[in-house]
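Contents: one structure, followed by commentary.
Predicted model, so just to flag it, every value in this text is computed and none were measured. Below, all heavy atoms of this structure are taken into account, side chains as well, without hydrogens, waters or symmetry copies.
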Amino acid sequence: QQQQQHQNIDIIDEAFEVAELLHDSLFPLQNCSGMLLIKEAQQTQSAIFSMCERYWHGNFEDREQLVTQLIPLLLVKSLDDTAQKNDVKRLYSIRHAIDLLDFEDESSIASLKMH
């Protein structure tokens, strides 16, 4: 068996800043209302989910900063009555990121309690 290396990949600051801005918009997108806005917000949110997941799986530097909103939203989505198998698979694929949440620190898991 080959041992997988876990070396972080550097990324230019500007790209990380854009990724961080998009990640930070996940919770506000979750709270959009209005029929047209909901569909657009869901499509946008899905694209940002994919970006955050690629960043996590790509082992980029500071990747842990792009899962703090992703984890609770994927968890809520996976537990919803309308959840698809793919929703659960997405959450499972980033399961190691859950270790980044500090369950002793209320501020670290506050977003989990809100949804």
Go through the steps for His23 and Thr68 under the test side-chain contact (heavy atoms from CB on, under 4.5 Å), then give the verdict.
-> CA-CA 9 Å; His23 170 265; Thr68 57; 3.1 Å; yes
The ring pair (Phe, Tyr, Trp, His ring centres under 6.0 Å) partners of Phe60 (sequence neighbours excluded) come to Tyr55
When every non-hydrogen atom of Val67 is compared with those of Ala97, the smallest separation belongs to CG2-CB, 3.9 Å
In residues 44-51, what donor-acceptor pairs under 3.5 Å come from side-chain atoms, sequence neighbours left out?
residue, atom, partner, partner atom, Å
Thr44, OG1, Glu40, O, 2.9
Gln45, NE2, Leu26, O, 3.2
Gln45, NE2, Gln30, OE1, 2.9
Ser50, OG, Ser46, O, 3.3

Rounding to 0.5 Å, atoms CG (Leu70) and CH2 (Trp56) come to a distance of 10.0 Å
So CD1 of Ile94 and CD1 of Ile71: to nearest 0.5 Å the spacing works out to 5.0 Å
If you count the non-hydrogen atoms of other residues, nucleotides and ligands that lie under 6.0 Å from CD in Gln84, is the total more than 12?
-> no
Applying side-chain hydrogen bond (donor to acceptor under 3.5 Å, both in side chains) to Ser93 and not counting sequence neighbours gives His57
So salt bridge (Lys or Arg N to Asp or Glu O under 4.0 Å) across residues 15-24, not counting sequence neighbours, yields none
So CG of Asp62 and CG of Asp13: to nearest 0.5 Å the spacing works out to 9.0 Å
- Message: Is there a path of hydrophobic side-chain contacts, each under 4.5 Å between heavy atoms of I/L/V/M/F/W/Y residues, joining Ile98 to Val88?
- Response: no
Residue set satisfying side chain to side chain contact (heavy atoms under 4.5 Å, CB included) with Ile12, at least two apart, ordered chain then number -> Glu14, Ala15
Correct closest heavy-atom pair for Gln65 and Phe16 would be OE1-CZ, 3.5 Å
So the salt bridge (Lys or Arg N to Asp or Glu O under 4.0 Å) pairs with at least one residue in residues 49-58 (sequence neighbours excluded) are Glu53-Arg90
For Ala83 and Ser78 the tightest heavy-atom approach is CB-O, 3.3 Å
Contacts satisfying salt bridge (Lys or Arg N to Asp or Glu O under 4.0 Å) that involve residues 75-89 (not counting sequence neighbours) are none
